[in-house]
Amino acid sequence: MEGVGEEEMEGVDHLAHERNKSEFDVDAMKIVWAGSPHAFDVSDRISKLVASDPGFRKDNRSTLSRKELFKNTLRKAAYAWKTIVDLRLSEEEAAKLRFYVDEPAFTDLHWGMFIPAIKGQGTEEQQQKWLPLAYKMQIIGCYAQTELGHGSNVQGLETTATFDSQTDEFIIHSPTLTSSKWWPGGLGKVATHAIAYARLIVGGREHGVHGFIVQLRSLEDHSPLLGITVGDIGMKFGNGAYNTMDNGVLQFDHVRIPRNQMLMRVSQVTCEGKYKQSDVPRQLVYGTMVYVRQTIVADASCALSRAVCIATRYSAVRRQFGSQNGGPETQVIDYKTQQSRLFPLLASAYAFRFIGEWLKWLYADVTQRLQANDFSTLPEAHACTAGLKSLTTTATADGIEECRKLCGGHGYLCSSGLPELFAVYVPACTYEGDNTVLLLQVARFLMKTVSQLGSRLSSKKPVGTIAYMTRVEHLMQCRCGVQRGFAELSADLVEAAVAHCQLIVVSKFIEKLQQEIPGKGVKQQLEVLCNIYALFLLHKHQGDFLSTGCITPKHAALANDELRSLYSQVRPNAIALVDAFNYTDHYLGSILGCYDGNVYPKLYEAAWKDPLNESVVPDGYHLYIRPLLKQEIRTARL
Ligand SMILES: CC/C=C\C/C=C\C/C=C\C/C=C\C/C=C\CCCC(=O)SCCNC(=O)CCNC(=O)[C@H](O)C(C)(C)COP(=O)(O)OP(=O)(O)OC[C@H]1O[C@@H](n2cnc3c(N)ncnc32)[C@H](O)[C@@H]1OP(=O)(O)O
Ligand SMILES: Cc1cc2nc3c(=O)[nH]c(=O)nc-3n(C[C@H](O)[C@H](O)[C@H](O)COP(=O)(O)OP(=O)(O)OC[C@H]3O[C@@H](n4cnc5c(N)ncnc54)[C@H](O)[C@@H]3O)c2cc1C
């Protein structure tokens, strides 16, 4: 193109100079980020498969109407399924393909909740009947727990399931408007079946909330079955975003289901109408939520790393001020303020990756123990999944917004990928448990632990976390020491719960570094990021740390000096550290974050593709603007 400088040429890596600064083996770090060579191979292969298939394009989402958007989501879901079947992808590859398609859809809840609920709460017989249908997608399921009037308070749900011993059936009913199921993903227009949570009533006696498999729609013509009123709850936050998901409303009008469609692993109802509670904690009914919370922690590291990748690459491309003698302006990534905002988020992305790995292990361990009726670690697993889901989603949602701001005005363009990423991500702070409600569960666990163990919450933490541990103990003692009720102290206890979760993240990051980590300079980079994560939080919450007496003001000042030094150590490696996420440009969906850093020509080109630019003179000009411009110039009393 005429007048195109080297800096705007296509096919040139405009970040090559940054990549050449790297002090570690990026390919080895890619394996660390993926979790293993096998996991890297699957991710790399599937992400490229999706990126190269025009059937999975997503750059037009913000210009589609809700109906066009939703129909396109159905097309993509069907196309993804066909791809999975045609290529005979494994379950792991299929999950990765749905992940890289990167579009909230009914399949998230079918695979992410409906199937796990049957696996976790169904009997062997129920699993043998329903799982094959679900795995072949011959039925499509959703997880219908939340109601118009209750979401957090599961025990407050109003839907009823009344046993009719005459017919050996349950009658599922919505007794009030507020008992309407409200929010379940996939429910609104697609799901043929639901795991519906309802108050079990047997012989006139209530036995709390249980799960039931209920068919909602005909498998012949998709029409709602008798007694079922179902639809979508309407537009949600943002344009594209989560509007690709049909979150639904559902009312039952005395819908009858066979007795064997109550999920009966945890408790049973016999044909004689006898309720039997297995000798397992009733909270196992909540098991699916625990499973999803641990997956959401892993998802937080993905979402945050996407935003950080975009902001880091753009911060290296963007130059503003600082030109010396007519030379190039300063890269904004070199400003200390930009580094102090961006690099803690980069460190958090890695920290959440590793805590997600640990939580996956903890969940697998508790699941194995449950099979042996060992419930000893269930309280800790609940507290950890609840608290870490809360901590990581809050930090990630705030982090994505910070990354948008780090990109200046262009961060507000849809073509930056950040508004959409934020709009899709933020409900994670609410779904699967409102983050405050979950922190209250952690606070309750800590209160019980402190009362059982005395002052020390745990001595099993690495030395580097003594300050963090002392902070939690002090925060708890300050609250537990005074004789005021849990409710009165709840706001303070939530702070202690956050501190406890931050202690877990820091200690697991340190434990990760005690493992064998191959690759030149890789462990050193992770040590820098771990120190940034720990010292950034210490700086942010230094009031807590100082008040516990475990650090002095001098320590706090030294920590801040060390942070600045650590930012300088990360700086030459920043681009390589985000390259290690191994995201395709398709998955990132961001001009600002494109791999080659050739941002300006792409931004300029993208602008002209906006439908508004299909005509030079906009629709409405002749009707509204021309009369305005042509009106008589009145002698206005100006
Ligand atoms: C777009 C894609 C995005 C991300 C993809 C990521 C992953 C993909 C995979 C799957 C997911 C797909 C998509 C995700 C997107 C959306 C999904 C969203 C789905 C939902 O939102 S489902 C509904 C979620 N609802 C909730 O979370 C409700 C929250 N409320 C509760 O859990 C409970 O009401 C409560 C815990 C707050 C209170 O329960 P309670 O009143 O019964 O109990 P108590 O507080 O009295 O406690 C009694 C006792 O029990 C212990 N306890 C409580 N809960 C548990 C538990 N779950 N496990 C173990 N033990 C538990 C508690 O500690 C008490 O013990 P104590 O010893 O007596 O103190
Ligand atoms: C995008 C999206 C997808 C969803 N998908 C599903 C799904 O597939 N299936 C499903 O069943 N549900 C789903 N949900 C519902 C979701 O699980 C609930 O919205 C969530 O559990 C929060 O419950 P709530 O809406 O009742 O919030 P509320 O509890 O009403 O929260 C309102 C406020 O009250 C506060 N609060 C509540 N209780 C307490 C307390 N005891 N102490 C202090 N403060 C309190 C909360 O912190 C919050 O600030 C989805 C929601 C969203 C947004």
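Because the structure is predicted, anything quoted here is derived from the model rather than measured.
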Between Y100 and Y587, is the ring centre distance below 6.0 Å? yes
Around N613, counting heavy atoms of other residues, nucleotides and ligands shown, do more than 12 lie under 6.0 Å from its CG? yes
Look at the side chain of T146 and the backbone N and O of G151, then say whether any donor-acceptor pair between them is shorter than 3.5 Å. no
So, R61 and E420, do they make that salt bridge, N to O below 4.0 Å? yes
Taking K609 first and then D59, would you say they form a salt bridge - that is, a charged N and a carboxylate O separated by under 4.0 Å? no
Ion pair check, E103 and K76, cut-off under 4.0 Å: yes
Pairs flagged by side-chain hydrogen bond (donor to acceptor under 3.5 Å, both in side chains) wherever residues 179-188 is involved - sequence neighbours left out: E147-K181, T176-S179, S180-Q251
Taking the six-membered ring for Trp, are F212 and F170 parallel (under 30°), tilted (30 to 60°) or perpendicular (over 60°)? perpendicular
Residue set satisfying side-chain hydrogen bond (donor to acceptor under 3.5 Å, both in side chains) with S223, at least two apart, ordered chain then number -> D221
Please indicate whether Y621 has more than 12 foreign heavy atoms, meaning atoms of other residues, nucleotides or ligands, lying under 6.0 Å from its OH. yes
Aromatic ring proximity F581/Y350, centre distance under 6.0 Å: yes
Determine which pairs satisfy ring pair (Phe, Tyr, Trp, His ring centres under 6.0 Å) with at least one residue from residues 42-80, sequence neighbours left out, and list them in order. F56-Y79
Is any side-chain N of the basic residue among D108 and R98 closer than 4.0 Å to the acidic one's carboxylate O? no
Do side-chain atoms of R293 reach the backbone of E432 as a donor and acceptor pair under 3.5 angstrom? yes
Pair R45 + E93, salt bridge at N-O below 4.0 Å: yes
Has the side chain of K136 got a donor or acceptor atom that lies under 3.5 Å from a matching backbone atom of L131? no
For H254 and H173, take the angle between the two ring planes, folded into 0 to 90°, and tell me which bin it lands in: parallel under 30, tilted 30 to 60, perpendicular over 60. parallel
Check: K236 side chain, M245 main-chain N or O, donor-acceptor pair, under 3.5 Å: yes
Is there a side-chain contact (heavy atoms from CB on, under 4.5 Å) between L49 and L97? Walk through the geometry before answering. CA-CA 8 Å; L49 172 84; L97 185 129; 3.7 Å; yes
Does Y143 have its ring centroid less than 6.0 Å away from the ring centroid of Y197? yes
Under 3.5 Å, side chain of T394 to main-chain N/O of L391, donor-acceptor pair present? no
Using modelled atom types only, decide if a donor and an acceptor are shared between the side chain of R217 and the backbone of T192 within a distance under 3.5 Å. no
Would you mind checking if R404 and E401 are paired as a salt bridge, meaning a charged N to carboxylate O distance below 4.0 Å? yes
Using a strict cut-off of less than 4.0 Å between a Lys/Arg side-chain nitrogen and an Asp/Glu carboxylate oxygen, indicate whether E402 and R341 qualify as a salt bridge. yes
Salt-bridge present (K602, D596; N to O < 4.0 Å): yes
Before we go on, tell me: are the rings of Y242 and F237 under 6.0 Å apart, centre to centre? no
Closer than 3.5 angstrom, by distance alone: can the side chain of D246 be matched with the main-chain N or O of F106 as a donor-acceptor pair? no
Should we say atom CD of Q155 is surrounded by more than 12 heavy atoms from elsewhere, each under 6.0 Å from it? yes
